[in-house]
Amino acid sequence: MPNKGYLVDTSKCIGCRGCVVACKQWNQLPAERTSFKGTYQTVPDLTANNYTIVTFHEYEEDGQIKWYFTKRQCMHCLDPVCLKVCPQKAISKTDTGAVVRDREKCVGCQYCAAACPFHVPRYDKVNDKETKCSLCPERTAEGELPACVKACITGALQYGDRDQLLAIANKRVSELKAEYPNANVYGDKQAGGTNIIYVLADKPEKYGFEEDPKVSIAITAWQDIIQPYFPWLIALTGAVSVFSFFSTRLLGVGKEKAHEGEGIHG
Amino acid sequence: MYDGDIKGLLVFGSNPFVSGPDANKETKALENLDWMVAADLFETETAAFWKKEAGADPKKIKTEVFFLPAAASYEKAGTITNSGRWIQFRWKAVDPVGEDMSDLEIFNILGKKMKEIYKDSTDPKDKPIQDLVWDYPEHDEAKLLDEVQREINGYDLTTGKLMAKFADLRDDGTTSCGVWIYCGMYTEEGNKTQWRDNSDPSGMGVYPKWSFAWPANRRIVYNRCSADPAGKPWSEDKKVIWWEDGSWTGIDVPDFIVANAPTDPDGDKAFIMKDDGKGGLFAVMADGPFPEHYEPWESPVKNLLSSVQFNPVAKIWDTPMNPQGSPDEYPIIGTTYRVVEHWQAGIMTRNCPWLAELMPEAFVEISKELAKEKGINNGDMVTIVSARGKVKAVACVTPRFKPFEMNGKIYHEIGVIWHYGFQGIAKGDPANRLTPHIGCANSHTPEYKAFLCDIYKGVK
Ligand code: SF4
Ligand code: SF4
């Protein structure tokens with residue numbers, strides 16, 4: 001089976017957030033209490049109840065207003081670090097390359113969140129599980145489009161084979177170049193390549209993306225040294241402090257992220 | 001209503017507390033009612049106008065309010081008419097929740113009850129109610145709807161058969177019809193609003209058998225215009241109706257007298273609804289015939305394009321609670337608009353948790369320049385005030401708004417999102433408390449989109 005994903009063509013996105021509501025509806029995610037803080041982006045970041053969000057970035061350059069909308073969610077990496085670090089083997093890839101989680105196996109240790117170069121997984125405090133977009137495998141297996149893609153009215157989201165999406169994206173970028181000289185394809189090589197491909201009309205950072213997202217060095221240590229012993233480590237009384245050591249010392253970033261996830265949805 | 005002449009109000013799927021211009025006045029007017037019957041999916045601000053949260057004193061209000069739970073569009077069958085003139089049937093998707101009923105059923109019950117109450121009255125003013133024929137079936141929504149649709153189409157009262165077309169309607173009491181343009185939608189051939197044949201024999205996107213197009217299932221009005229005076233199509237690619245071998249032919253129902261050959265005296269008259277049969281560049285309108293620029297009723301500038309400042313034939317309700325603001329007191333240009341997350345007066349969408357999450361409260365968009373002048377930071381709570389009212393909203397300071405330079409002076413504009421009210425999950429003050437009661441000259445459409453106001457930081 002070829003790798004499948006979808007294209008997010010930000011140059012066609014109107015920021016309607018139909019995709020966001022469709023995702024919440026399909027996954028039956030409760031609404032969160034929000035307030036308007038001076039931006040249309042009333043959900044500031046992904047949360048355990050928001051597997052996808054649309055970001056709004058506003059710039060004024062050379063007397064021109066630029067208002068960039070883009071959908072954010074799990075990138076469905078070709079070589080997902082989250083899968084590698086998961087001590088419970090709760091994360092796997094479907095035959096079309098969607099990165100999915102087995103809820104039963106997940107123990108909520110949040111290592112995937114710490115490892116993810118795109119800062120995606122969110123901790124669901126209520127159920128003690130990590131959560132994220134799954135690319136709707138239960139829909140695609142039945143020949144249906146992912147819920148978000150189905151809802152998009154502008155054609156900004158297109159589901160298909162990764163190769164084809166890349167070809168469409170490259171063509172679109174070459175068209176956009178005339179008006180948007182910084183237009184680029186994102187996801188073709190970032191973090192080793194992802195199944196979600198973006199057409200960005202401007203530099204990635206203008207959309208809140210990292211140009212070259214990196215995996216923490218500590219992750220490698222975790223994989224090579226500790227992970228093989230994880231099953232019996234977890235049984236140890238001292239396990240908590242071992243986790244704590246790794247969280248604070250080796251995976252400092254991860255600790256922060258894990259907290260952020262908690263804070264927003266709590 | 002404000003003057004106390006109107007005693008009762010049926011308000012179905014409408015929420016003037018939020019959507020009415022000069023909403024403070026519209027709300028005040030509700031206090032004069034003896035009774036109100038409101039039907040909606042959720043309790044609207046209008047239905048709850050008497051509550052403390054509405055700014056009213058419940059003790060002082062004597063209005064009796066009946067709130068009826070209404071079925072949503074997908075909980076009932078019925079028709080919708082679009083701007084392409086198609087009247088399309090829609091089947092019910094799910095049964096209504098709880099005691100919800102379709103508007104049609106509610107009206108049926110009200111009608112029957114009214115006849116019952118007035119049946120023994122000897123007051124001549126009640127005669128119309130007594131004479132009203134109201135024998136619709138009860139407790140069977142599908143049957144009720146079917147009967148009403150047939151009645152709107154109309155009957156030949158001699159034969160009891162459904163009318164085939166409006167041209168057969170008579171004014172001698174031998175035929176009946178509810179709405180002449182819909183005559184032909186439900187004939188002895190069946191209910192044509194239910195037609196769902198998406199074939200397009202002409203290949204021009206006509207779809208003659210998809211729902212019913214009023215009038216007469218005509219898909220393109222004034223289609224005589226597609227041919228020249230001699231009846232020859234102006235364009236071979238876009239031919240609709242044409243004269244061929246001594247008669248008219250084509251792909252649509254002709255919109256002219258087909259008995260007229262192109263060479264007949266009226267054979268080139270393409271506009272059947274006009275007395276002279278001709279199209280006109282100038283229509284008879286209250287403020288025609290030439291287009292003219294007028295400033296809004298409240299404007300900070302002098303009209304530079306015309307010596308007349310404001311449309312002299314616009315409707316101004318010179319009544320209490322509709323004062324005009326002056327630019328000295330209210331120097332800022334105000335407008336109102338919507339966001340995609342909410343629908344109109346918002347009672348459906350403001351009660352949807354997922355939509356409330358995305359657009360949770362009222363806000364006002366202002367330029368960076370104005371924000372600086374007024375000491376307002378992005379996200380601050382601010383107050384906007386016009387001659388008619390005052391609302392609070394969250395400030396959205398954005399470069400998308402820019403001051404205007406007009407006649408050498410700088411003017412600021414602000415944009416207030418208007419869907420909000422005090423009910424539901426997503427709440428806020430109704431922006432229409434700021435707008436005036438002015439009607440456009442021809443249709444009396446309110447002048448919602450331009451008014452004068454001022455803005456300041458905080459809530460005072
Ligand atoms: S984006 Fe993060 S969570 Fe998604 S597959 Fe890649 S590493 Fe895993
Ligand atoms: S539905 Fe499509 S257009 Fe709307 S916000 Fe999502 S990606 Fe953009």
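Bear in mind the structure is a predicted one, so any value in this text is a computation, not a measurement. Lettering of chains follows the sequences in order, A, B, ..., and the numbering in each one begins at 1.
Taking the six-membered ring where the residue is Trp, A:F56 and A:Y40 present tilted rings, their angle falling between 30° and 60°. In this structure, B:Y337 and B:F401 have parallel ring planes: the angle between them is below the 30° cut-off, well short of the 60° mark.
Neither the backbone nor the side chain of B:A426 has a heavy atom closer than 4.5 Å to any heavy atom of chain A. Both the backbone and the side chain of A:R17 come within contact range of chain B, each with at least one heavy atom under 4.5 Å from a heavy atom of that chain. Only the side chain of B:L355 comes within contact range of chain A, judged by heavy atoms closer than 4.5 Å. With a 4.5 angstrom heavy-atom cutoff, A:Q25 touches chain B via backbone and side-chain atoms both. Within the 4.5 angstrom heavy-atom criterion, only backbone atoms of A:K37 (N, CA, C, O) approach chain B. With a threshold of 4.5 angstrom between heavy atoms, A:I14 does not approach chain B through any atom at all.
If you tally non-hydrogen atom pairs under 4.5 Å between each of B:V397, B:V394, B:L358 and chain A, the highest count goes to B:L358. Among B:P399, B:P353, B:C396, the residue making the largest number of heavy-atom pairs under 4.5 Å with chain A is B:P399.
Note that the SG atom of A:C152 and the NZ atom of A:K12 stand 9.5 Å from one another [nearest 0.5 Å].
A salt bridge links A:R122 with A:D45: the closest approach of a Lys/Arg side-chain nitrogen to an acidic carboxylate oxygen falls below 4.0 angstrom. Taking 4.0 Å as the cut-off between side-chain N and carboxylate O, B:E405 and B:K409 do not count as a salt-bridged pair.
Residue-level contacts of residues 364-381 of chain B with chain A, in order of numbering, are B:E365, B:N378, B:G379; threshold 4.5 Å between heavy atoms.
Annotation: side-chain hydrogen bond (donor to acceptor under 3.5 Å, both in side chains) contacts involving residues 58-67 of chain A, sequence neighbours excluded, comprise A:E58-B:T398, A:E58-B:R400, A:E60-B:K402, A:E61-A:K66, A:E61-A:K206.
Applying the side-chain contact (heavy atoms from CB on, under 4.5 Å) test between A:I91 and each of A:V99, A:D102, A:V100 identifies A:V99 as the sole match.
Side chain of A:Q73 to main chain of A:Y51: no donor-acceptor pair is present (N/O by atom type, distance under 3.5 Å, no hydrogens or angles).
A cation-pi arrangement is found for A:R72 relative to A:F209, the charged atom lying closer than 6.0 Å to the ring centre and inside a 45° cone about the ring normal.
Centroid-to-centroid, the aromatic rings of B:Y411 and B:F404 stay 6.0 Å apart or farther.
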